[in-house]
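The figures that follow rest on heavy atoms only: side chains count, while hydrogens, waters and symmetry mates do not. Since this is a predicted model, take the numbers as computed values, not measurements. Below, chain A is the first sequence line, B the second, and so on; all start at residue 1.
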Number of protein chains: 2
Amino acid sequence: MYSIGDLSRRTGVKIPTIRYYEQMGLIAAPERSEGNQRRYEKSELERLAFIRHARDLGLSIDSIRDLLALSQHPERPCGEADRIASEHLATVREKIARLKKLEQELERIVACDGNHTVGDCYVIRALADHSMCENEH
Amino acid sequence: MYSIGDLSRRTGVKIPTIRYYEQMGLIAAPERSEGNQRRYEKSELERLAFIRHARDLGLSIDSIRDLLALSQHPERPCGEADRIASEHLATVREKIARLKKLEQELERIVACDGNHTVGDCYVIRALADHSMCENEH
DNA sequence: TCTATTGCTCCAGAAGCTATAGGTTTGAGG
DNA sequence: CCTCAAACCTATAGCTTCTGGAGCAATAGA
Ligand SMILES: [Zn+2]
Ligand SMILES: [Zn+2]
Ligand SMILES: [Zn+2]
Ligand SMILES: [Zn+2]
């Protein structure tokens, strides 16, 4: 049996975050000690590590809840799990594409050398006028 | 004089968002009609377009507030504006780098063909075990 | 037994909006 | 002038994923 602090140390998930995950239904409400403190079994450690890893990879709480539910049924087909993962990959790729456009524009914008006045500053002028941009964003 | 709806149509910023920007101090509280409705001058149109463009480029409300304050002083040196922009560019680059790592891992993870069981699913196993990952994230 | 550490619940805040509820004003057509 | 729909008002809550604090209770080691 682990206390919430043990769990936190072993998984790197902060204590309030663990309680938050409980509230969000990612982990079950655990047994309590006589003094009402949470006492976890070893299996919760793995579950929490799974959650942490999935969060680190950017999956949403909702997706993780679904994946955890699926993982309770090892005999079922895994199409749904694969769908969640590849949809997330698509989302990540979209974000990258969008950020790259921003990067391009910002690269042009910051070409101002910083040695003149605000009135002449390319940063300020470029922000005031989107038509100076090379692509949509 | 423009109503808030006019301003919204011309800048593409939604009405509640304009009110929110007023509350956040990005635009000044405008004059009011006899019936207490907001009436804007033309200059607010440009200011709002500036804000919108800067938001589209991912700048924070705080940064935008600073940039707007700077732009009121065209005779001052522009080093601060340039610093804000290049710091933001650095942030964007960090995000891209991080997302690319995620993309790599997710690409490997979704290599599962979806035609077997959850128990054998690479997606599920990879999420359960970060040591299967090739880099930190 | 004493006390430092850890844990409890509840609540608020961060970022940048967005939506809803319940009411008032405006402006165009009749 | 009158009516009525559209637009506007304020205030508040919700979204997402945590994070931190207040105020108090339990636990564990010396
Ligand atoms: Zn400059
Ligand atoms: Zn632009
Ligand atoms: Zn699979
Ligand atoms: Zn990993």
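- To the nearest angstrom, C1' of D/dT16 lies 10 Å from CG of A/Asp62.
- Summarising the geometry, the separation between CD on B/Glu22 and P on D/dC8 is reported as 14 Å, rounded to the nearest angstrom.
- Taking atom CZ of A/Arg19 as the reference point, atom P of D/dT19 lies 13 Å away to the nearest angstrom.
- Nearest-nucleotide positions on DNA chain C place B/Ile61 closer to the 5' end than the other of B/Ile61 and B/Glu34.
- Phosphate proximity of C/dC8 to A/Arg38: present, with a side-chain N or O under 4.0 Å from OP1 or OP2.
- Classification of B/Glu87 and B/Arg83 as a salt-bridged pair holds, one side-chain N sitting under 4.0 Å from a carboxylate O.
- Here A/Ser33 reaches the OP1 or OP2 of D/dT27: one of its side-chain N or O atoms lies under 4.0 Å away.
- Here the P atom of nucleotide C/dG16 and the CD1 atom of B/Ile64 are 8 Å apart, to the nearest Å.
- The nearest heavy atom of DNA chain D to B/Gly5 and to B/Gln23 marks one nucleotide each, and the one closer to the 5' end goes with B/Gly5.
- Rounding to whole angstrom units, CG of residue B/Leu7 and P of D/dC8 are separated by 10 Å.
- Note: NZ (A/Lys14) to P (D/dG21) measures 11 Å, nearest angstrom.
- Side-chain contact between A/Gln37 and A/Arg32: absent, with no pair of heavy atoms (C-beta onward) separated by less than 4.5 Å.
- As a whole-Å value, the separation of A/Arg52 CZ from D/dT17 P is 16 Å.
- We find that A/Glu94 and A/Arg98 are not joined by a salt bridge, their nearest charged nitrogen and carboxylate oxygen being 4.0 Å or further apart.
- Look at B/Arg32 and you'll find a side-chain N or O under 4.0 angstrom from OP1 or OP2 of D/dT10.
- Under the 4.5 Å side-chain heavy-atom criterion for ILVMFWY residues, a single connected hydrophobic cluster contains both B/Met24 and B/Ile84.
- Nearest nucleotide to the side chain of B/Tyr20, out of D/dC9, C/dG16, C/dC8: C/dG16.
- Dashed line: the shortest gap from a side-chain N or O of B/Ser60 to OP1 or OP2 of C/dG16 is not under 4.0 Å.
- With respect to B/Glu103 and A/Lys95, no salt bridge is recorded, no charged nitrogen being found less than 4.0 Å from a carboxylate O.
- Distances shown here put every side-chain N or O of B/Tyr21 at or beyond 4.0 Å from the OP1 or OP2 atom of C/dG16.
- For the pair A/Thr17 and D/dT19, the criterion of a side-chain N or O lying under 4.0 Å from OP1 or OP2 is met.
- Between the CZ atom of A/Arg39 and the P atom of D/dA26 there is a distance of 12 Å, rounded to whole Å.
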